[in-house]
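None of the values given here were measured: they were computed from a predicted structure. Excluded from the calculations below are hydrogen atoms, water molecules and symmetry mates; all remaining heavy atoms, backbone and side chain alike, are included.
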Amino acid sequence: MDETPATLFESYELDLRHTLDDINDKLDPSASASGGAEQRKATLRKVEIALDDADDIISALELELRGIPQSLRAPYTARLKASQGALALARKRAREAQVQQVQTQGLRAGVAASDDPYGEHVEQGDRARLLSGMQTLEGSGRRLRDTQRVALEAEDQGADILRALRGQRETIESARDTVRW
């Protein structure tokens, strides 16, 4: 099996496409109409897990992109940006589905408090604050992943510079040895 960065990139891209298709299928309104509130909550949890998987795949795509020669990198970079856009759209749809779920639960809680699995009525404001906190946490996690990616890129650039300096040192030493003889 060919494991060049370009081949691995394409493999990861295919995995991402399948993951995004799965997410979109789960977020499809016609699919969510069937089943109760608990099933919808479980589906949204599965979507969150799939979004995390998609984030991991995007990170792998970014790593493989660095291994592709600069002369061939442009189309792969465009494909990565398109994949990131598709993931952002799926993440937005998931967030909207979560908000809709919270609103639906709030309406049901107002009609029948017995639907609350903990036996207590949770105010709509509490749900909104919880959702807001989850979104803040998600944003912080995304920024942390971005920072980690930048640190890895800087580390790679530093390693490239050290390799180049070592090559230059060897060239200088070879030239010096040649001049001495």
Side-chain angles (χ1 to χ4, degrees), residues 3-29 31-32 37 40-106 122-164:
E3 292 197 12
T4 63
T7 305
L8 290 172
F9 184 94
E10 290 171 1
S11 173
Y12 286 131
E13 187 178 37
L14 183 63
D15 289 346
L16 179 64
R17 219 173 295 134
H18 289 305
T19 302
L20 288 174
D21 287 344
D22 183 45
I23 290 169
N24 288 327
D25 289 345
K26 288 176 181 166
L27 291 175
D28 184 25
S32 65
R40 185 65 182 154
K41 282 183 196 177
T43 300
L44 289 175
R45 281 191 292 269
K46 289 176 184 175
V47 166
E48 284 300 316
I49 292 168
L51 286 170
D52 288 342
D53 291 344
D55 279 333
D56 293 342
I57 295 170
I58 289 287
S59 296
L61 285 170
E62 290 170 342
L63 285 173
E64 294 306 326
L65 182 64
R66 284 189 242 141
I68 296 173
Q70 193 70 28
S71 60
L72 304 174
R73 199 175 288 180
Y76 291 99
T77 302
R79 287 164 51 185
L80 175 63
K81 294 293 181 196
S83 296
Q84 289 170 329
L87 177 58
L89 181 61
R91 189 175 304 286
K92 180 181 176 188
R93 287 187 64 210
R95 202 172 306 123
E96 289 169 355
Q98 287 175 335
V99 168
Q100 183 180 10
Q101 178 71 18
V102 167
Q103 290 171 346
T104 302
Q105 285 177 340
V122 178
E123 295 296 323
Q124 183 68 23
D126 293 340
R127 292 178 191 271
R129 282 193 302 276
L130 179 60
L131 183 59
S132 173
M134 287 174 53
Q135 290 172 346
T136 301
L137 182 60
E138 180 181 302
S140 297
R142 195 171 27 258
R143 284 191 299 278
L144 183 60
R145 284 188 294 277
D146 289 343
T147 302
Q148 184 179 23
R149 179 183 47 79
V150 169
L152 289 172
E153 288 174 3
E155 182 181 350
D156 286 347
Q157 288 175 350
D160 290 343
I161 290 169
L162 288 175
R163 278 191 290 278

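Under the side-chain hydrogen bond (donor to acceptor under 3.5 Å, both in side chains) criterion, Asp21 pairs with no residue, sequence neighbours left out. The side-chain contact (heavy atoms from CB on, under 4.5 Å) test applied to Leu72 returns Ile68, Pro69, not counting sequence neighbours. Listed by chain and residue number, Arg91, Arg95, Arg142 satisfy the salt bridge (Lys or Arg N to Asp or Glu O under 4.0 Å) test with Glu138 (two or more places apart in sequence, or in another chain). A search for salt bridge (Lys or Arg N to Asp or Glu O under 4.0 Å) contacts involving Asp53 returns nothing, not counting sequence neighbours. For Glu153, the side-chain hydrogen bond (donor to acceptor under 3.5 Å, both in side chains) test picks out Arg149, with sequence neighbours left out. For Gln84, the side-chain hydrogen bond (donor to acceptor under 3.5 Å, both in side chains) partners at least two apart in sequence or on another chain are Glu62. The salt bridge (Lys or Arg N to Asp or Glu O under 4.0 Å) search around Arg163 returns Asp160, not counting sequence neighbours. Applying the side-chain hydrogen bond (donor to acceptor under 3.5 Å, both in side chains) rule to Ser71 yields no partners; only residues at least two apart in sequence or on another chain are considered. With sequence neighbours left out, Asp156 forms a salt bridge (Lys or Arg N to Asp or Glu O under 4.0 Å) with Arg66.
By the neighbour-count criterion of 12 heavy atoms within 6.0 Å, atom CD of Gln135 is densely surrounded, having more than that number from other residues, nucleotides or ligands.
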Contacts table for residues 74-83: side-chain donor-acceptor under 3.5 angstrom, sequence neighbours left out:
residue	atom	partner	partner atom	Å
Tyr76	OH	Glu10	OE2	3.4
Thr77	OG1	Arg73	O	3.0
Arg79	NE	Glu13	OE1	3.1
Arg79	NE	Glu13	OE2	3.2
Arg79	NH2	Glu13	OE1	2.5
Ser83	OG	Arg79	O	3.0

Please list every donor-acceptor pair under 3.5 Å in which a side-chain atom of residues 43-50 meets a protein atom from a residue at least two apart or in another chain.
residue	atom	partner	partner atom	Å
Thr43	OG1	Gln39	O	2.9
Glu48	OE2	Gln98	NE2	2.9

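Taken to the nearest 0.5 Å, the CG atom of Asp52 stands 11.0 Å off from the CD1 atom of Ile57. Residue Leu51 holds its CG atom at 9.5 Å from OG1 of Thr19, rounded to the nearest 0.5 Å. Between the CG atom in Leu16 and the CG atom in Asp55 there is a gap of 9.5 Å [rounded to 0.5 Å].
Screening residues 125-155 for ring-ring contact (aromatic ring centres under 6.0 Å, His included) gives no qualifying pairs among residues at least two apart or on separate chains.
The shortest non-hydrogen separation linking Leu61 to Phe9 is CD2-O, 3.2 Å. Of all heavy-atom pairs between Glu64 and Leu8, the closest is OE1-CD1, 3.6 Å. In terms of heavy atoms, Ala90 sits closest to Leu27 at O-CD1, 3.8 Å. Smallest separation of non-hydrogen atoms from Gly67 and Pro5: O-CG, 3.4 Å.
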Evaluate Ser140 against Arg143 for side chain to side chain donor-acceptor pair (under 3.5 Å), listing each step before the verdict. CA-CA 5 Å; Ser140 297; Arg143 284 191 299 278; 3.2 Å; yes
Can you list the steps and then say if Thr147 with Val150 is a side-chain contact (heavy atoms from CB on, under 4.5 Å)? CA-CA 5 Å; Thr147 302; Val150 169; 5.7 Å; no
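Counting heavy atoms from C-beta outward, Glu96 and Gln100 have side chains that stay 4.5 Å or more apart.
Looking only at distances, a side-chain donor or acceptor of Asn24 sits under 3.5 Å from a matching main-chain atom of Leu20.
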